[in-house]
Amino acid sequence: MHRRQFLQLTGGGAVAALCPSVAADIGSIKRLAIRAQSGRVHIVGPDFPATAIWGYDGQVPGTSIRLVHGQALEASVHNDLDVPTSVHWHGIRLPNAMDGVAGVTQPAIAPGDSFDYRFTPPDAGTFWYHSHINAHEQVGRGLYGPLVIEEKEPPVVDRDLVLMIDDWRLLDDASIKEDFESGHDRSHAGRIGNAPTVNGRFRDVLEVRYGERLRLRLINASNARNFALDFAPLKPDVIAIDGQPITPYRPDDAIVIAAGGRVDLIVDIFADPGSMLEVSDSFYRRPFSLIKFAVGDEPLRQSPLETAIALNPAQLPEPDLSNAKSYEVVLDGGAMGGLERAMMDGKWMNLFDIARQGYAWALNDIVGNRLDMPPLIDVPLGTHISLTIDNRTAFPHPMHLHGHHIKLLSIDDHPVPQPHWVDSPLVMPRQKLQFAFVADNPGKWLFHCHILEHHAAGMGSIVRVS
Ligand code: C2O
Ligand code: CU
């Protein structure tokens, strides 16, 4: 494409995703030093005091990491906090030793120490990184950041923006409410906050232009809050879920993004110049506006770009169901659940005794109270797996498998219109989801609910690929 033609297509706007340095970066190494440290951030605006947080380089979201597909990352993480920490690279199919689960794949990084992470992400897409030790507290205090692997040939857009969503539980003076061990949160919906933010700001306003084409990379870093976002009157197309490409489709309903999950959207801003659009959430009973888009007075272009928005298809090994080992995982427990007894530390216990120790949930009747528990699934490398997740609890659970993506095939025995790869699928109450995948990444991988209080309260296990 000639440069002039290109400028016409994009209206001459900035095209972040297509900088000329892209080709040069492939095969190179991106070196970063990141510090886990405390900081002060204005979350709810200038009328309130700054909030004391823990963040990567003292910010929320933490330092934004962008690589080009094919580039390696070398991140030296230094712990400036008073407590041990570790960094998990959520959704990246990396070598097990780099997965960042303290106590499983590495020792925790002690205060004052560092750990060098080094891997080459095999997939382009939208990912994130976060603490994986006492995550319900450390992520709740802000230890997370975006990790974007750019496609070598991304769709043409005017701006490629990360919208990293969080949900803070703040007191009236904007300080973090430190009730991280709340028993109610552990056994109910998790730590639902009172200040949902985008990129660390409550009620933020994004300035956009008529005709502008945006790629929005939504990342849900909340401890517990799931979102169902309504962009009307805009009509976004979904182009990727949990980092993996999907044939673009335009949803009729709100776009659901579970805790830990990601959704990539392409949206053309066609709304009255000068207007203010609300992106509202309706996942729970009380709807609210998460962020506003202010449409500027000056149109960028009059008719939509005609370039394709589809990403190149995902490159994952195709599972063969005729040749697969079947596993069923039953989620049970929690408030208003039917669990009466479960196995903990190898012993059957009643729910009362389990709850007394701070636990509330079980996978296949086993409470995941320790990281050295026997694996729930234990298979040799290369095994094709058919996996059913059956939620018998009263709450939704985003179930995250480390080191793999799993292909969603059907919901309650109804095939989904487009089977697609996910790493943090939301399983609604009484729902049964069917997946398939190839266990092609050796190691001990965590499989847990990404409502971080649920994980802390026993909703987790291990998948071992040997
Ligand atoms: Cu994003 Cu085990 O987590
Ligand atoms: Cu859960």
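Ligands are counted one by one from 1 in listed order, and the atoms in each one are counted from 1 as well. Just so you know, residue 1 is the first one in the sequence shown, and it goes up from there. Atoms considered below: every heavy atom in the structure, side chains included; atoms not considered: hydrogens, waters and symmetry mates. Given the structure is predicted, the values throughout are model-derived calculations rather than measurements.
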> Taking 2.8 Å as the upper limit, name the protein N, O or S atoms near atom 2 (Cu) of ligand 1.
H132 NE2, H402 NE2, H448 NE2

> Determine whether the side chains of N312 and E151 contain a donor N or O and an acceptor N or O closer than 3.5 Å.
no

> For the Cu ion (ligand 2), count the protein N, O or S atoms found under 2.8 Å away.
3

> For D264 and T126, test the side chains for any donor-to-acceptor distance below 3.5 angstrom and give the result as yes or no.
yes

> Just by distance, no angles: are the side chains of N226 and N220 close enough, under 3.5 Å, to form a donor-acceptor pair?
no

> Are side-chain N/O atoms of S280 and D230 paired as donor and acceptor at under 3.5 Å?
no

> I want to check something: taking the side chain as every heavy atom from C-beta on, are Y144 and H90 in contact at a cut-off of under 4.5 Å?
no

> Testing the 3.5 Å rule here: is there a donor-acceptor pair between the side chains of H384 and D320?
no

> Between W168 and T197, does any side-chain donor sit less than 3.5 Å from a side-chain acceptor?
yes

> Determine whether the side chains of Q138 and T85 contain a donor N or O and an acceptor N or O closer than 3.5 Å.
yes

> So, do I34 and D57 sit near enough that their side-chain heavy atoms are less than 4.5 Å apart?
yes

